[in-house]
Asker: 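What follows is a single structure, and I will ask about it in a moment.
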Amino acid sequence: MRWSSAFIPTLRDDPADAEAISHKLLIRAGFMRQLMAGHYSMTPLGFRSLRKVEAIVREEMEKIGGQEFRLPSMHPKEIWEKSGRWDSVGEEMFRLQDRKGADLALGMTHEEIFAFHGTELRSYKALPQIWYQFQAKFRDEARPKSGLLRVREFTMKDSYSFDLDQAGLDHAFDQHFEAYRRMFKRFGFEIVAVEASSGVMGGNTSIEFMLRSDAGEDWVAACGQCGYAANVEKAESVLPSVEDGAGLAEPEKFSTPGVKTIDDLAKMDGGASPDRQIKTLVYKIDDKDVLILLRGDHQLSEQKLIDQVQSEAMRPAEIGEVKKLLGALPGSLGAVGRGELFVIADEALRGRKDMVTGANEDGFHLRGVDVDRDIDVKGWLDLREVKDGEGCPQCQKPLSVYKTIEVAHIFKLGTKYSEAMGAKVQNESGESVHLVMGSYGIGLERNLAAVVEANHDENGICWPMNIAPYEVCVTVVKPKDVACHEAGERLYQDLSQAGLDVILDDRAERPGVKFKDAELIGFPYRVTIGPKGLEQGVFELVRRSDGEKTELKIEHAVETIVETVLDERS
RNA sequence: CGGGCCGUGGCGCAGUCUGGUAGCGCGCUUGACUGGGGGUCAAGAGGUCGUGAGUUCGAGUCUCACCGGCCCGACCA
């Protein structure tokens with residue numbers, strides 16, 4: 001490609017509405033443009049890189065025996081009703097009607113559709129199968145943000161495995177796990193694989209692949225010692241034990257005027273430190289009132305609660321409902337003597353004595369509370385959100401908690417969808433059994449953005465060779481000079497001939513403009529061809545990642561550049 | 001969905017409080033000088049000021065409604 005005839009709309013300033021680095025750089029460097037919130041058009045440069053991401057994913061899928069499909073993105077309501085997800089996914093699914101008034105959905109994932117096609121599998125002899133596709137996914141995100149990191153329309157490679165039994169699924173899952181690791185390596189960033197909550201996907205095991213980044217929105221707890229890592233929606237930790245005093249024979253009410261928070265009570269004379277307090281939250285779970293108890297210095301993880309309580313709908317109670325139920329406002333709530341209510345307590349409260357909690361009377365608390373003696377706990381669950389520095393559940397060393405981008409998610413689904421669609425095969429003994437399924441997703445655009453988040457500097461993007469839109473940029477410093485022009489043209493032809501992706505910057509621009517643009521876009525290598533170099537019989541090769549410059553004798557330039565580029569492809 | 005901020009040439013912004021001929025920088029076009037890190041000079045093109053209604057002699061500016069975008073939170077297979 002000759003730059004003079006290419007559409008590469010670079011911008012001198014950061015776009016005003018971008019925050020995330022990948023968002024700013026992909027816009028500025030001319031890789032994409034926004035159409036509306038959560039929907040981006042890829043420009044030719046962006047599409048080249050996106051196709052390289054896709055090619056890597058496809059290669060790795062083929063390596064594990066994946067077979068590529070292409071499914072419709074518009075689905076009939078009926079198939080989503082069979083799995084129950086027409087209702088359970090709620091507003092996140094785009095829905096529409098055709099001219100006959102039939103209800104349709106834009107696919108946000110394809111478990112139902114692949115399971116539907118899986119019904120044509122009849123015998124164990126046909127197994128295992130791994131089916132995949134690249135397809136646009138539509139999700140009506142409440143808040144699209146951060147450029148390509150959270151959008152409403154994107155391309156996903158989703159694959160589905162079909163096996164006879166759990167052991168088969170485990171194998172397919174492991175194959176995907178390894179394939180994904182290879183993909184990220186080739187993308188040029190390090191990931192951490194974590195245990196995750198499966199959300200409404202169903203199934204019991206899922207693993208997320210996370211890239212550490214401040215632009216992310218998922219928190220991960222990881223142990224540097226033993227390798228334990230989990231999404232905070234799922235992570236556990238061990239706490240130092242707390243020594244309790246003997247306490248009182250029975251709870252004693254005391255006045256706490258103006259105390260509204262854990263902190264207020266901790267600061268008050270005769271109060272209690274947060275780890276000696278019981279925090280009481282009120283939730284409406286399927287219209288039932290439930291009290292949730294945690295230690296005062298602990299935070300509820302709603303996802304943990306959702307994952308452990310079978311419920312259709314859950315929300316915190318409104319303030320009026322709380323007052324009506326317990327007779328007091330938040331700040332003075334407690335579970336003592338409320339045995340008629342369903343009380344769930346976090347494990348960290350088990351066996352605690354001499355605690356302080358609200359008296360269900362504004363401005364009053366109870367001290368000397370013995371959890372086992374005074375509170376009728378119906379269920380003990382791990383509900384606490386893990387915090388930085390707490391002990392690793394495997395090796396007790398301190399955990400670190402940090403922000404990440406979820407770059408892929410793989411699930412062991414089990415038989416949820418094969419049962420819903422009636423996908424069965426006969427096993428060796430002639431019995432009909434439901435297919436055991438897995439599903440494995442990776443978003444292309446998000447991974448493109450992740451590559452940028454992980455590979456950039458103050459001058460722009462630093463593409464790894466595998467993802468770069470062009471591997472080499474040949475910069476002709478003075479295109480009007482015949483010798484320069486011809487040398488550039490010849491090098492461009494030779495490198496292209498050798499199979500490299502190369503762009504020739506033949507624009508009538510100042511050298512500075514060309515250098516800046518090339519750095520902003522982030523070509524891994526750039527060759528400078530100018531009068532000075534020609535006089536000495538050399539080109540200059542500049543590496544984007546560290547700015548290292550090498551002088552190449554003109555007669556050996558092609559050979560050296562080709563070798564360098566091929567070396568870095570993987 | 002709650003809270004906050006913002007819509008003015010392609011991009012970044014000023015002008016809005018206090019109503020009176022729509023501006024600046026960059027980019028773009030043409031020409032000249034230039035040519036190894038966003039150069040200089042000259043001459044140009046480009047805007048229904050998000051949309052609609054209202055107040056006013058007069059609205060980018062004031063009022064109301066709507067639309068769109070960004071950020072925080074809630075939510076997120």
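No hydrogens, no waters, no symmetry mates; every other heavy atom, side chains included, goes into these values. Naming: A, B, ... by sequence-line order, numbering from 1 per chain.
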Asker: Using the test side chain to side chain contact (heavy atoms under 4.5 Å, CB included), find all partners of A:Asp297 that sit at least two apart in sequence or belong to another chain.
Answerer: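 Per chain and number, A:Asp297 pairs via side chain to side chain contact (heavy atoms under 4.5 Å, CB included) with A:Pro274, A:Asp275, A:Arg295.
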Asker: Identify the nucleotide, in any strand shown, that forms a Watson-Crick or G-U wobble pair with B:C13, with both distances under 3.5 Å; if there is none, say none.
Answerer: B:G23
Asker: To the nearest Å, how far apart are A:Leu305 CG and B:C75 C1'?
Answerer: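 These atoms are roughly 16 Å apart.
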Asker: Quote, to the nearest angstrom, the P distance that separates B:G31 from B:A59.
Answerer: 43 Å
Asker: Quick check on RNA chain B: between A:Ala37 and A:Ile306, whose nearest nucleotide comes earlier from the 5' end?
Answerer: A:Ala37
Asker: Taking the C1' atom in each of B:G50 and B:G38, what is the distance between them to the nearest angstrom?
Answerer: 32 Å
Asker: Which base sits across from B:U55 as a Watson-Crick or G-U pair, both distances under 3.5 Å?
Answerer: none
Asker: Tell me which nucleotide, if any, is Watson-Crick or G-U wobble paired with B:U18 when both distances must be under 3.5 Å.
Answerer: none
Asker: Both A:Asp13 and A:Arg143 contact RNA chain B. Which one's nearest nucleotide lies toward the 5' end?
Answerer: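 Nearer the 5' end of the strand: A:Asp13.
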Asker: Under 4.0 Å, heavy atoms only, any strand: does A:Met36 hit a base, just the sugar-phosphate, or nothing?
Answerer: sugar-phosphate
Asker: If I take atom NE2 in residue A:His23 and atom P in nucleotide B:G69, what distance separates them, rounded to the nearest angstrom?
Answerer: 12 Å
Asker: Using a 4.0 Å cut-off on protein heavy atoms (strictly under), produce a 5'-to-3' string for nucleotides 30-42 of chain B with B for base contact, S for backbone-only sugar-phosphate contact, and - for none.
Answerer: ----BBBBBB---
Asker: Using purine N1 to pyrimidine N3 plus N6-O4 or O6-N4 for Watson-Crick, or N1-O2 and O6-N3 for G-U wobble, both under 3.5 Å, which nucleotide pairs with B:U48?
Answerer: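 WC or wobble partner does not exist here.
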Asker: Counting the atoms with a prime plus P, OP1 and OP2 as sugar-phosphate, which does A:Ser83 contact under 4.0 Å by heavy atoms, base, sugar-phosphate, or nothing?
Answerer: nothing
Asker: With sequence neighbours excluded, what pairs up with A:Glu112 under the side chain to side chain contact (heavy atoms under 4.5 Å, CB included) test?
Answerer: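 Residues passing side chain to side chain contact (heavy atoms under 4.5 Å, CB included) with A:Glu112: A:Ile79, A:Trp80, A:Ser83, A:Arg85, A:Tyr417, A:Met421.
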Asker: Counting only Watson-Crick or G-U wobble pairs whose two distances fall under 3.5 Å, which nucleotide matches B:C75?
Answerer: none
Asker: Could you work out the separation of B:U8 and B:C49 based on their C1' atoms and round it to a whole Å?
Answerer: 4 Å
Asker: Can you tell me how far P in B:C6 sits from the matching atom in B:A14, rounded to whole Å?
Answerer: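 It works out to 10 Å between them.
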Asker: Can you list the residues that meet the side chain to side chain contact (heavy atoms under 4.5 Å, CB included) rule with A:His39, with sequence neighbours excluded?
Answerer: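 In terms of side chain to side chain contact (heavy atoms under 4.5 Å, CB included), with neighbours along the sequence ignored, A:His39 is linked to A:Met36, A:Arg152, A:Glu153.
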Asker: Answer yes when A:Arg58 and A:Glu68 have at least one side-chain N-carboxylate O distance shorter than 4.0 Å, and no when they do not.
Answerer: yes
Asker: Can you tell me how far C1' in B:G3 sits from the matching atom in B:U18, rounded to whole Å?
Answerer: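 Comparing C1' positions in B:G3 and B:U18 gives a spacing of 30 Å.
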Asker: Does B:C41 have a Watson-Crick or wobble partner in any strand here, with both distances under 3.5 angstrom, and which is it?
Answerer: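 WC or wobble partner is B:G31.
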Asker: If I pick the P atom on B:G7 and the same atom on B:C13, what distance separates them, to the nearest angstrom?
Answerer: 9 Å
Asker: Going by heavy atoms in the side chains, are A:Leu520 and A:Ile461 under 4.5 Å from each other?
Answerer: no
Asker: Looking at B:C75, I'd like to know if its phosphate oxygens (OP1 or OP2) sit under 4.0 Å from a side-chain N or O belonging to A:Gln303.
Answerer: no
Asker: Using side chain to side chain contact (heavy atoms under 4.5 Å, CB included) as the criterion, list what pairs up with A:Asp103, not counting sequence neighbours.
Answerer: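 A:Asp103 satisfies side chain to side chain contact (heavy atoms under 4.5 Å, CB included) with A:Lys77, A:Trp86, A:Gln97 once adjacent residues are dropped.
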Asker: I need the CG-C1' distance between A:Asp140 and B:A74, as an integer number of Å.
Answerer: 15 Å
Asker: Identify the residue among A:His110, A:His176, A:Glu111 that makes a side-chain hydrogen bond (donor to acceptor under 3.5 Å, both in side chains) with A:Ser439.
Answerer: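 Answer after filtering A:His110, A:His176, A:Glu111: A:Glu111.
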Asker: What residues, two or more places apart in sequence or in another chain, satisfy ring-ring contact (aromatic ring centres under 6.0 Å, His included) together with A:Phe114?
Answerer: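 Only A:Phe69, A:Tyr160 meet the ring-ring contact (aromatic ring centres under 6.0 Å, His included) criterion with A:Phe114.
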Asker: Determine the Euclidean distance between corresponding C1' atoms of B:G39 and B:U61; express it in Å to zero decimal places.
Answerer: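 Those two atoms are separated by 39 Å.
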Asker: Taking the P atom in each of B:C70 and B:C28, what is the distance between them to the nearest angstrom?
Answerer: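 Rounded to whole Å, the distance is 28 Å.
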